[in-house]
There are 2 protein chains.
Amino acid sequence: MGEAANDTVRLLWGPPAKPTRGPKPALSLERIAAAGVEVADAEGLAAVSMQKVAGLLDFTKMSLYRYVPGKAELVALMVESAVDEPPAPADGADWREQLTAWAHHLAESFDRHPWLLDATVGPRVLGPRELSWLERVVAALDGHGLTGPERMDAAVLLAGHVREIAGQSRAAGPAGSPEAELLAALGTVVRQHADRFPAVAAAMADPNGRDQALHFGLERILDGLAALIARRTRHP
Amino acid sequence: MGEAANDTVRLLWGPPAKPTRGPKPALSLERIAAAGVEVADAEGLAAVSMQKVAGLLDFTKMSLYRYVPGKAELVALMVESAVDEPPAPADGADWREQLTAWAHHLAESFDRHPWLLDATVGPRVLGPRELSWLERVVAALDGHGLTGPERMDAAVLLAGHVREIAGQSRAAGPAGSPEAELLAALGTVVRQHADRFPAVAAAMADPNGRDQALHFGLERILDGLAALIARRTRHP
DNA sequence: ACAAACAGTGTCCGCCAGACACAGTTTCCA
DNA sequence: TGGAAACTGTGTCTGGCGGACACTGTTTGT
């Protein structure tokens with residue numbers, strides 16, 4: 001079994017190891033994760049280094065290694081610390097209303113902590129909080145004729161859309177930011193080469209807000225799911 | 001105007017600068033990008049450093065800076081070099097067939113160069129090849145009653161889904177790989193905590209293949225788009 | 001009392017991106 | 001024809017990164 005995977009699982013899921021001898025630890029996983037989140041919120045995930053996190057706590061960077069095996073595990077803890085509990089399903093809400101609320105709450109999480117986009121790419125072990133988000137979606141789709149894999153695929157589809165839109169929205173950025181300049185540069189390029197990209201140039205004429213884009217894709221996905229559910233419940 | 005944005009635009013779109021004096025350059029942007037792609041294909045994007053790329057070409061790392069302002073621009077060139085031309089729309093194919101083929105071709109690109117997932121996150125300037133992929137989708141949706149922003153949103157929705165599935169598929173990895181261990185560890189965790197995550201545990205009982213997941217989300221999205229198009233063309 | 005276990009630190013290594021000064025080469029122009 | 005200018009590739013240096021390791025001091029069970 002892989003060591004890294006085991007370490008991460010123990011940190012995220014395992015019991016808070018209880019040694020007895022030696023001095024009491026002055027730090028805790030919670031404080032370390034919170035400090036990491038603070039750095040990432042302020043300067044982005046790339047700015048999170050052992051030095052900076054330790055400095056924020058008035059410790060040396062090597063002391064952090066007494067609590068965390070490496071930076072990857074620190075980031076995993078930061079994610080679990082930054083992610084909220086998923087919203088409780090409203091009373092009497094059907095699956096569509098539940099998924100809509102879920103998607104908007106998830107989008108707000110990404111909005112509060114944009115670095116979550118960078119921290120949650122690639123293969124990794126999900127923590128309890130993250131997994132409970134997944135649980136909500138799958139549970140909301142229970143009992144509508146979808147198979148297990150289909151429910152998981154639907155959850156991935158939904159989460160993926162929110163992720164993508166969050167990335168787009170981050171790309172816009174505040175006015176005057178480097179992100180906004182990139183977007184402006186891209187617009188200029190498209191306009192200059194409008195002959196080669198007529199459809200994009202035409203479609204980009206009046207840009208869309210983030211909320212519009214999130215809403216548009218969400219409605220398409222939910223319409224598609226509704227069509228499948230209708231077929232399945234008609235022919236059970 | 002931002003310097004970085006300008007540099008990238010010039011490299012990706014600008015004319016191949018034509019100086020006259022001094023020694024002829026021994027390298028070219030094409031060779032450098034190709035070397036970078038070679039490293040990324042073999043060891044991932046994280047392994048791409050100026051040292052390694054230059055070493056592969058038997059040059060020192062500093063010589064690369066004569067061609068490329070920095071690593072970010074090198075990665076942008078690598079992306080443009082690795083991305084294929086988008087598939088030509090088949091004769092007589094309707095929008096749904098065109099988008100289906102497009103999505104599968106895009107998925108194959110991500111499959112050939114998994115590091116494209118890491119290289120195409122966040123705000124950045126698109127190159128000509130990448131933009132022509134976008135062009136295909138938007139053009140395929142022309143003339144079906146969708147507004148410009150809606151066509152762009154649909155393209156983002158589609159591309160986002162393919163991206164997400166590509167990430168999932170990479171997370172699976174070959175048997176025995178660290179990625180597979182992570183996935184196995186996650187499965188173990190879910191099974192151990194099945195009481196807290198009953199829906200996920202049940203849905204994960206028999207896992208789904210990547211092709212299934214790609215197909216599932218794609219059909220949902222296309223069904224959703226079809227519903228919108230039907231509404232728009234009925235009430236024009 | 002003493003040894004084991006543990007916490008925090010300082011030092012070291014290798015790797016990274018990039019700034020800068022330098023030597024060698026080519027070309028334009030006076 | 002002889003600079004001078006422009007350009008290429010290189011060596012050196014800095015600051016930062018993740019992490020290994022040895023060390024000191026502290027706490028606790030035997």
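By convention in this document, chain letters (A, B, ...) are assigned in the order of the sequence lines, proteins followed by strands, and residues within each chain are numbered from 1.
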CG/B:Leu117 to OG/B:Ser169 distance, rounded to the nearest 0.5 angstrom? 8.5 Å

Using the side chain to side chain donor-acceptor pair (under 3.5 Å) rule, take A:Thr120 and A:Arg163 through it: C-alpha gap first, then chi angles, then the decisive distance, then the call. CA-CA 10 Å; A:Thr120 54; A:Arg163 272 187 66 91; 2.6 Å; yes

What's the CD1-C1' distance between B:Ile32 and D:dT8, to the nearest Å? 12 Å

Any ion pair linking B:Arg112 and B:Asp84 (charged N to carboxylate O, less than 4.0 Å)? yes

I'd like to check B:Met204 versus B:Arg191 (side-chain heavy atoms, cut-off strictly below 4.5 Å). Are they in contact? no

Nearest 0.5 Å, please: how far is CD in B:Gln51 from CG in B:Leu56? 13.0 Å

Residue B:Arg21, side-chain atoms from C-beta onward, closest of D:dG9, D:dA5, D:dT28: D:dA5

So, is B:Ser63 near the phosphate of D:dG9, with a side-chain N or O under 4.0 Å from OP1 or OP2? no

Taking CG from A:Leu64 and C1' from C:dT9, how many angstroms apart are they, rounded to a whole number? 12 Å

Nucleotide by nucleotide, 5' to 3', does protein get under 4.0 Å of the base (B), only the sugar-phosphate (S), or neither (-) in nucleotides 16-22 of chain C, counting heavy atoms? SBBBBB-

Residues which pass ring-ring contact (aromatic ring centres under 6.0 Å, His included) with B:Trp13, listed by chain and number, not counting sequence neighbours: A:His193, A:Phe197

Donor-acceptor contact present, side-chain B:Lys61 to main-chain B:Val53, <3.5 Å: no

Let me know the distance between OH of B:Tyr67 and P of D:dC7, rounded to the nearest Å. 13 Å

Closest approach to the side chain of B:Phe59, judged atom by atom: which nucleotide of D:dT10, C:dA7, D:dT8 is it? D:dT10

From CG of A:Leu57 over to C1' of C:dT9, roughly how many Å is that when rounded to an integer? 16 Å

Are any of the side-chain nitrogens in A:Arg124 or A:Glu130 under 4.0 Å away from the carboxylate oxygens of its partner? yes

Could you give the distance from CG (A:Leu158) to CG (A:Leu106), rounded to the nearest 0.5 Å? 8.5 Å

Starting from the first five and the last five pairs of the helix from C:dA1-D:dT30 to C:dA30-D:dT1, work out the angle between the resulting helix axes, to 10 degrees. 20°

Round to the nearest Å and state the distance from B:Lys24 atom NZ to D:dA6 atom P. 17 Å

